[in-house]
A.B. asks: 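Dropping a structure here in structure tokens format, bear with me for questions.
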Amino acid sequence: MASQDVAKYLKESHDRIFENNREWAAEQKAKDPEFFTKLSAGQEPDYLWIGCSDSRIPAEQITGLGAGEVFIHRNIANLVCNTDLNVMSVVNYAVRHLKVKHIIVCGHYGCGGVKAALTPQDMGLLNPWLRNIRDVYRLHENELDAIADESKRYDRLVELNVVEQCRNIIKTAAVQQSYATNGFPIVHGWVFGFQDGLLKDLKVDHEKMLRDIQKIYNLTQG
Ligand SMILES: [Zn+2]
């Protein structure tokens, strides 16, 4: 691209956001004149969504949820690491203050983060992040190594990674204590597929997972 074309592209790709935004704001107001007044009053979302940063999975659009309905955290490969202050703050705030009813970990087939973790290569700064996925592989090494087809093995690691992150959420004091007191939140593991745009429910058994976890990670005593 010639340098004047680059400059033109940069200006247009920036400006279109503001055009879209003006249109969106006008649309919302036309549908409901009180929309922004209600929005500014506060949020009470039922869902916490922890998804991958991948640009192809717009959480609100694929779930049909609107503004104010879902609290969102996204990172590479939808990981819930207990030393990540960012995701831990999100979980804590969503459970203790917003009192979300469902926590969804949503991975996706074809995840670049999971693929990178399967690549035996130094990824620099990403090494400690991808380590978490490599650890999931190690936990399920026998099952994964028994899958001959490489792309099926990769899909399965995407699923196992989601389940492991659900487990990490259940290990938190916020979730264990809220569940003991209120009966929620319930943790769910889903995977999004690009072929058909559908969400697959991995049917994580929240209750059983919690019981198993609490043998070692019981944090329900205040
Ligand atoms: Zn991804």
Side-chain angles (χ1 to χ4, degrees), residues 13 17 45 47-65 69-94 100 102-141 143-145 147 149-172 175 185-204 206 209:
S13 54
I17 301 289
Y47 311 93
L48 164 61
W49 173 279
I50 297 175
C52 183
S53 297
D54 193 296
S55 61
R56 298 166 294 177
I57 306 118
E60 280 115 328
Q61 278 162 270
I62 64 171
T63 53
L65 296 171
E69 291 189 293
V70 56
F71 201 61
I72 294 184
H73 178 85
R74 292 168 70 173
N75 61 40
I76 294 174
N78 39 269
L79 298 180
V80 180
C81 313
N82 74 86
T83 52
D84 176 10
L85 199 55
N86 191 347
V87 71
M88 284 296 130
S89 304
V90 167
V91 170
N92 192 76
Y93 186 76
V100 295
H102 303 274
I103 300 179
I104 296 141
V105 177
C106 186
H108 65 101
Y109 297 116
C111 182
V114 174
K115 186 145 219 168
L118 285 174
T119 312
Q121 191 184 315
D122 179 1
M123 303 275 180
L125 186 64
L126 273 174
N127 288 336
W129 192 252
L130 300 177
R131 230 298 280 284
N132 296 290
I133 309 170
R134 292 182 170 131
D135 288 344
V136 175
Y137 194 112
R138 190 170 56 80
L139 280 171
H140 301 277
E141 198 176 346
E143 178 188 343
L144 288 163
D145 286 350
I147 304 172
D149 184 300
E150 204 181 322
S151 79
K152 288 208 176 84
R153 189 161 67 235
Y154 171 31
D155 285 352
R156 184 62 186 143
L157 181 56
V158 164
E159 296 176 355
L160 290 169
N161 180 49
V162 165
V163 174
E164 200 56 38
Q165 306 318 314
C166 290
R167 202 168 274 123
N168 287 341
I169 289 174
I170 290 180
K171 285 176 191 166
T172 65
V175 169
I186 307 284
V187 177
H188 310 272
W190 299 349
V191 181
F192 178 78
F194 293 123
Q195 312 89 319
D196 51 13
L198 295 177
L199 290 165
K200 175 179 175 183
D201 186 353
L202 298 175
K203 303 216 181 332
V204 165
H206 175 94
M209 196 177 259

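Keep in mind that this is a model prediction, so the values were computed, not measured. In each ligand, atom 1 is the first atom listed, and ligand 1 is the first ligand listed. Quick note: numbers below take in every heavy atom, side chains included, and nothing from hydrogens, waters or symmetry partners.
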A.B. asks: Could you grab the protein N, O or S atoms closer than 2.8 Å to the Zn ion (ligand 1) for me?
C.D. replies: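 You should have found Cys52 SG, His108 NE2, Cys111 SG.
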
A.B. asks: Can you classify the ring geometry of Trp190 versus His188 as parallel (below 30°), tilted (30 to 60°) or perpendicular (above 60°)?
C.D. replies: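 Tilted, since the angle between the ring planes falls between 30° and 60°.
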
A.B. asks: Please tabulate, for side-chain N and O atoms in residues 113-123, each donor-acceptor pair with protein atoms closer than 3.5 Å (sequence neighbours left out).
C.D. replies:
residue, atom, partner, partner atom, Å
Thr119, OG1, Lys115, O, 2.9
Asp122, OD1, Gly124, N, 2.8
Asp122, OD1, Asn127, ND2, 2.7

A.B. asks: Identify the heavy atoms of Met88 and Val80 that sit nearest to each other, and give their distance.
C.D. replies: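 Of all heavy-atom pairs spanning Met88 and Val80, the closest is CE-CG1, 3.6 Å.
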
A.B. asks: When you check the side-chain N and O atoms of Glu164 and Asn161, is any donor under 3.5 Å from an acceptor?
C.D. replies: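 Result is no, nothing qualifies.
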
A.B. asks: Say whether Tyr154 and Asp149, considering side chains only, have a donor N or O and an acceptor N or O under 3.5 Å apart.
C.D. replies: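 Side chains of Tyr154 and Asp149: no pair found under 3.5 Å.
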
A.B. asks: Hey, which of Leu85, Asn75, Leu48 is the one that makes side-chain contact (heavy atoms from CB on, under 4.5 Å) with Val90?
C.D. replies: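 Of all the options given, the one that passes is Leu48.
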
